[in-house]
A.B. asks: 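Sharing a structure with you now.
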Amino acid sequence: MQRFSLPLIASIAASVISGSLAAQASITPVAGFGTGGWLAPGAIPQLDTSNSQRGMAVNPVTGNIILVDRDGTLGNNAYVLDGATGAVLGTLVPPAGGYSGGTFVVNIPGCGDDGSIHVCNLVTSTASTFKVYSWASEADALTTPATVTIASTSAQWGGMNRFGDCFTVGGGGATPVQFIAAGSNSAAGTNSAFMQGLLDGSGTVTPYTAVPGTATASNGYRLGLTYVDDDTFIGTQGTTAYVTSFDGTSATVDAAFTIGAAQRPLAYAVIGGTNVLATVDSNSSNVFIYDITDPTAPSLLVTGNATSGTLSANANGTGGCGWGAISGLSGTLYAMSSNQGIQAFTVTVPSAVVINEVYYDAPSGDDGKVFVEIYGPVGFDVSGYTIQTVEGAGASAGLCNPQSFTFPVGTVIPASGVLVVADATSAGTTSVANADFLVTNFDFENGADAVQLLDPNGVGIDAVAYGVVDTSVGAASGCNGQPWYEGNPARDVFSPLSIERCPAGTDTGDNATDFTPNMPSPGVAKDCCQAMEFVSLGTGSSISASASGKVGFDFFLTPCGGGLPYVILASLTDPATTTPPLGLPVYDGSSPFWLDAALQGGQFISWYGTLPADGRSVGQASLDFTGMPVILGASFPLYVAAVAYDPNANYSFVGTNAVRITINP
């Protein structure tokens, strides 16, 4: 079994690049499940408030729920519930002779990646036998008696005397099915423990006791367990979640992070390349979704709750949590707090991998010069991901262009955090520095166009359009049915600018917000550069015009890169909402200079010129208010912007700052 999309434990020691922001995460109740996404207590006979349902699991093959119920009315049984509606589909067939042994003869279910089903009992003394009952599949479970795959006595428990409060199953198919069960002991210093074993009928189990780095006053794994991969899991009893690895002999806590004191049931998954942990608050039934790509610094993505009214208490803090179908950036989550019913949600998370930079208009032709850069966590596997270009305007708007590229097997995000796919000439060469892959005729239109990033299943996980695209063709109505832009298209830029996320990886769901003009930087994940900085004046500071009507100040231009013509635009209105006058001469930038700008249509315009290669230059400007119809003593904002401008009247705002001007009497 391998369910982790990148080395979690390695990310603790390495710097992990966050692929996107949490602003896009959402959690929506599944309308057809129960009532409004909530299968309330009493909705089915097997779900009540008697503390008799302490765990549930989700079958990854069928998407159905496995629920254990010990209510005396129906007896001790496990059931299959429809994952779409919550309706009872059938009862799992007990073993010949029935369930037996333990304080609870059945307690917690689990499912393997192969669809196999397993149910453990609860033992609270060394006189009992810890058992796991197994079925090869859901269909088998509804027709064939269970097999006892684990019958473990206290001699195998390493001094523990309680197992089965929590239980999780992993593997199946390519790897053996295995389990982890939480255990505890009243003896001081030995309480944080678990048992791990194979569910192949061999009965092999290994106890791990007094795990260093966990709580010793009570079992740090007792109420929440979820597999990460074959030898790593996350466990909790609330307050602290422990990322723990094991090797057949010893266990190691690789990371620990804080969650809510009552957040106990856990479920791990990879959605859209993001390592996600779901938890359920056993008091309120609130559901929490965390991004744990870097487990030393988890971030809360979104919360949800589909319950209503006054909930019955969950005195034991038990429950279950499990992921159903996952596609693209969305997954179905089921969450149960005992005595409070089962909830179902569709959870959508931001992509861990995004299109970070597009360079589509190079000087003197595009052949062998243009590129697309993607960005994501170091080590993330992008095998099978596809970059697809889409027509942005005209009769073919929204249709796929011929230009596309699929990353080969074994491709991962390198230490730089970015991968570069560049256009190649007919000779197979490119001028693009740091190119990782070359594709002949990988060129895009210099006007309206779009680029998609699709996962290996063809599900769109990111898209950017630029220029005046035909937005009457819906964002999700492209040739492959996947989004081809997000929010508003990014502004068109001219040679030699690219459009790039700023800072790298920023994803708010709006192309116009996320992508800014920049000098091309293939293979380099840049942070935003401050394009306009006043040397002696901070943002929002006040300066005063002299009696002559002139005001002067020094400034720095610090865009990402140099060698590009810039204009300094000063305006009484936000420059992003205005258009500079055209036809002004371009200053050659030969030296710092003093600018005397005349008022033109309510704006002060002065060319600054070409920045040096280091991208940072000092300029001085004076603004002349002579003859301006203003009242002496008035105070008003003055916006000053750095604007990339070419002789053909194309322009792009690179950065802006503002000061307040006061006209002295």
A.B. asks: Applying side chain to side chain contact (heavy atoms under 4.5 Å, CB included) to Gln452 and Gln482, what does each step give before you reach the verdict?
C.D. replies: CA-CA 8 Å; Gln452 295 174 315; Gln482 303 302 310; 3.9 Å; yes

A.B. asks: Grab the two heavy atoms, one from Ile413 and one from Pro377, that are nearest each other, plus how far apart they are.
C.D. replies: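 Closest approach of Ile413 to Pro377: CB-O, 3.2 Å.
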
A.B. asks: So how far is it from Thr28 OG1 to Leu333 CG, rounded to the nearest 0.5 Å?
C.D. replies: 12.0 Å

A.B. asks: Is any side-chain heavy atom of Val253 closer than 4.5 Å to a side-chain heavy atom of Val211?
C.D. replies: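 Yes, close enough: below the 4.5 Å cut-off.
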
A.B. asks: Go through the steps to decide whether Thr85 and Phe33 satisfy the test side chain to side chain contact (heavy atoms under 4.5 Å, CB included), and finish with yes or no.
C.D. replies: CA-CA 4 Å; Thr85 66; Phe33 185 83; 5.7 Å; no

A.B. asks: For Asp71 versus Ser50, what's the shortest heavy-atom pair and its separation?
C.D. replies: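 Taking Asp71 first and Ser50 second, the nearest heavy atoms are OD2-OG, 4.0 Å.
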
A.B. asks: Please report the shortest heavy-atom distance between Asn64 and Leu81, naming the atom on each side.
C.D. replies: CB-O, 3.2 Å

A.B. asks: What's the separation between atom OG1 in Thr206 and atom CG in Asp247, rounded to the nearest 0.5 Å?
C.D. replies: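 If I round to the nearest 0.5 Å, the distance is 9.5 Å.
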
A.B. asks: Heavy atoms only: give me the nearest Thr49-Ser312 pair and the separation to one decimal.
C.D. replies: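 Heavy-atom minimum between the residues: CG2-OG, 3.4 Å.
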
A.B. asks: Search all heavy atoms of Leu47 against all heavy atoms of Leu39 and return the closest pair with its distance.
C.D. replies: CD2-O, 3.3 Å

A.B. asks: Can a donor-acceptor pair be found, under 3.5 Å and without considering hydrogens, that links the side chain of Thr411 to the backbone of Val382?
C.D. replies: no

A.B. asks: Side chains of Ser245 and Thr232: do they bring a donor and an acceptor to under 3.5 Å?
C.D. replies: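 Side-chain D/A pair, Ser245 to Thr232: absent.
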
A.B. asks: Which distance, rounded to the nearest 0.5 Å, do you find between the CD1 of Ile342 and the CD1 of Ile65?
C.D. replies: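 If we round to the nearest 0.5 Å, Ile342:CD1 and Ile65:CD1 are 5.0 Å apart.
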
A.B. asks: State, with a plain yes or no, whether a side-chain heavy atom of Gln263 is found less than 4.5 Å away from one of Thr236.
C.D. replies: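 No. Closest side-chain heavy atoms not under 4.5 Å.
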
A.B. asks: Give a yes or no on whether the backbone of Gly410 and the side-chain of Ser383 come within a donor-acceptor separation of less than 3.5 Å.
C.D. replies: yes

A.B. asks: Not counting sequence neighbours, which residues clear ring-ring contact (aromatic ring centres under 6.0 Å, His included) with Phe167? List them please.
C.D. replies: Phe179

A.B. asks: Ignoring hydrogens and angles, state whether a donor on the side chain of Asp48 or Gln53 is under 3.5 Å from an acceptor on the partner side chain.
C.D. replies: yes

A.B. asks: Regarding Ser351 and Asp462, is there a side-chain donor-to-acceptor distance under 3.5 Å anywhere?
C.D. replies: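 Checked: Ser351/Asp462 side chains show no N/O donor-acceptor pair below 3.5 Å.
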
A.B. asks: Mind checking whether Cys321 and Leu266 have side chains closer than 4.5 Å, heavy atoms only?
C.D. replies: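 Heavy-atom side-chain distance check fails, nothing below 4.5 Å.
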
A.B. asks: Let me check something: any side-chain donor-acceptor pairs from residues 114-123 under 3.5 Å, sequence neighbours excluded? List them with distances.
C.D. replies:
| unit_1 | atom_1 | unit_2 | atom_2 | d |
| --- | --- | --- | --- | --- |
| Asp114 | OD1 | Ser116 | N | 3.0 |
| Asp114 | OD1 | Ser116 | OG | 2.7 |
| Ser116 | OG | His118 | NE2 | 2.9 |
| His118 | ND1 | Ser134 | OG | 2.7 |
| Asn121 | OD1 | Lys131 | N | 2.9 |
| Asn121 | ND2 | Gly101 | O | 3.2 |
| Asn121 | ND2 | Thr129 | O | 3.1 |

A.B. asks: Using the side chain to side chain contact (heavy atoms under 4.5 Å, CB included) definition, which of the options Asn59, Val58, Ile66 pairs with Thr62?
C.D. replies: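 The option that passes is Asn59.
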
A.B. asks: Please answer whether the main-chain N or O of Asn314 pairs with a side-chain N or O of Asn339 as donor and acceptor at a distance below 3.5 Å.
C.D. replies: no

A.B. asks: Between Trp157 and Ser152, does any side-chain donor sit less than 3.5 Å from a side-chain acceptor?
C.D. replies: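 A pair is found: one side chain offers a donor N or O, the other an acceptor, under 3.5 Å apart.
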
A.B. asks: Answer yes if the side chains of Thr318 and Ser338 hold a donor-acceptor pair under 3.5 Å, and no otherwise.
C.D. replies: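 Per modelled atom types, Thr318 and Ser338 side chains form a pair under 3.5 Å.
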
A.B. asks: Report the relative orientation of the aromatic rings in Tyr385 and Phe380; use parallel for angles under 30°, tilted for 30 to 60°, perpendicular for over 60°.
C.D. replies: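 The rings of Tyr385 and Phe380 stand perpendicular, inter-plane angle above 60°.
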
A.B. asks: Would you say the side chain of Asn107 lies within less than 4.5 Å of the side chain of Val68, judging by non-hydrogen atoms?
C.D. replies: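 When only atoms from C-beta onward are counted, Asn107 and Val68 do not touch, as no gap falls below 4.5 Å.
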
A.B. asks: To the nearest 0.5 Å, what is the distance between CD (Gln343) and OG (Ser337)?
C.D. replies: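 Answer for the CD-OG pair, Gln343 versus Ser337, is 9.0 Å.
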
A.B. asks: Would Thr103 and Thr124 count as a side chain to side chain donor-acceptor pair (under 3.5 Å) here? Give the steps.
C.D. replies: CA-CA 6 Å; Thr103 302; Thr124 58; 2.6 Å; yes

A.B. asks: Would you mind reporting whether Leu74 and Pro45 have side-chain heavy atoms less than 4.5 Å apart?
C.D. replies: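 With C-beta onward as the side chain, the pair touches.
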
A.B. asks: How long is the straight-line distance from CG of Asp381 back to CZ of Phe407, given to the nearest 0.5 Å?
C.D. replies: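 Output value for this atom pair is 11.0 Å.
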
A.B. asks: Pick from Asp230, Val169, Asp231: which one makes a side chain to side chain contact (heavy atoms under 4.5 Å, CB included) with Gln178?
C.D. replies: Asp230

A.B. asks: May I ask you to decide if Val93's main-chain N or O and Trp135's side chain share a donor-acceptor pair within less than 3.5 Å?
C.D. replies: yes

A.B. asks: Let's go through Asp294 and Thr296 carefully: what are the C-alpha distance in whole Å and the side-chain angles of both, what is the deciding distance for side chain to side chain donor-acceptor pair (under 3.5 Å) to 0.1 Å, and is it a yes or a no?
C.D. replies: CA-CA 5 Å; Asp294 180 354; Thr296 65; 2.5 Å; yes

A.B. asks: Taking Trp38 for the side chain and Ser308 for the main chain, is one N or O donor matched with an acceptor at less than 3.5 Å?
C.D. replies: no

A.B. asks: Evaluate the side-chain proximity of Phe233 to Gln196: yes if any heavy-atom separation is below 4.5 Å, no if none is.
C.D. replies: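 No, side chains not in contact.
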
A.B. asks: Distance-only, no hydrogens or angles: does the Thr126 side chain make a donor-acceptor pair with backbone N or O of Ser154 under 3.5 Å?
C.D. replies: no

A.B. asks: Determine whether the aromatic ring centres of residues Phe194 and Tyr208 are separated by less than 6.0 angstrom.
C.D. replies: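 Distance test on ring centres: under 6.0 Å, yes.
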
A.B. asks: With Pro60, which residues qualify under side-chain contact (heavy atoms from CB on, under 4.5 Å), at least two apart?
C.D. replies: Cys111

A.B. asks: Can you tell me how far the OH atom of Tyr99 sits from the CG atom of Asn76, to the nearest 0.5 Å?
C.D. replies: 9.0 Å

A.B. asks: Kindly say whether Val459 contributes a backbone atom to a donor-acceptor pair with the side chain of Asn457 at under 3.5 angstrom?
C.D. replies: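 No, Asn457 side chain to Val459 backbone: no donor-acceptor pair under 3.5 Å.
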
A.B. asks: Yes or no on side chain to side chain contact (heavy atoms under 4.5 Å, CB included) for Trp323 and Val276, after CA distance, side-chain angles and deciding distance?
C.D. replies: CA-CA 10 Å; Trp323 292 97; Val276 172; 3.8 Å; yes

A.B. asks: Donor-acceptor pair, Thr274 side chain versus Pro350 backbone, under 3.5 Å?
C.D. replies: yes

A.B. asks: Closest approach of Val243 and Pro295, non-hydrogen atoms and distance?
C.D. replies: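 Result for this residue pair: CG2-CB, 4.2 Å.
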
A.B. asks: Any side-chain heavy atom of Leu453 sitting closer than 4.5 Å to one from Val354?
C.D. replies: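 They are not in side-chain contact.
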
A.B. asks: Taking Arg264 for its side chain and Gln237 for its backbone only, find out whether a donor-acceptor pair lies under 3.5 Å.
C.D. replies: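 Answer holds: yes.
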
A.B. asks: Check for a donor-acceptor pair, side chain of Arg70 on one end and backbone N or O of Asn51 on the other, with a separation under 3.5 Å.
C.D. replies: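 At least one qualifying donor-acceptor pair exists.
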
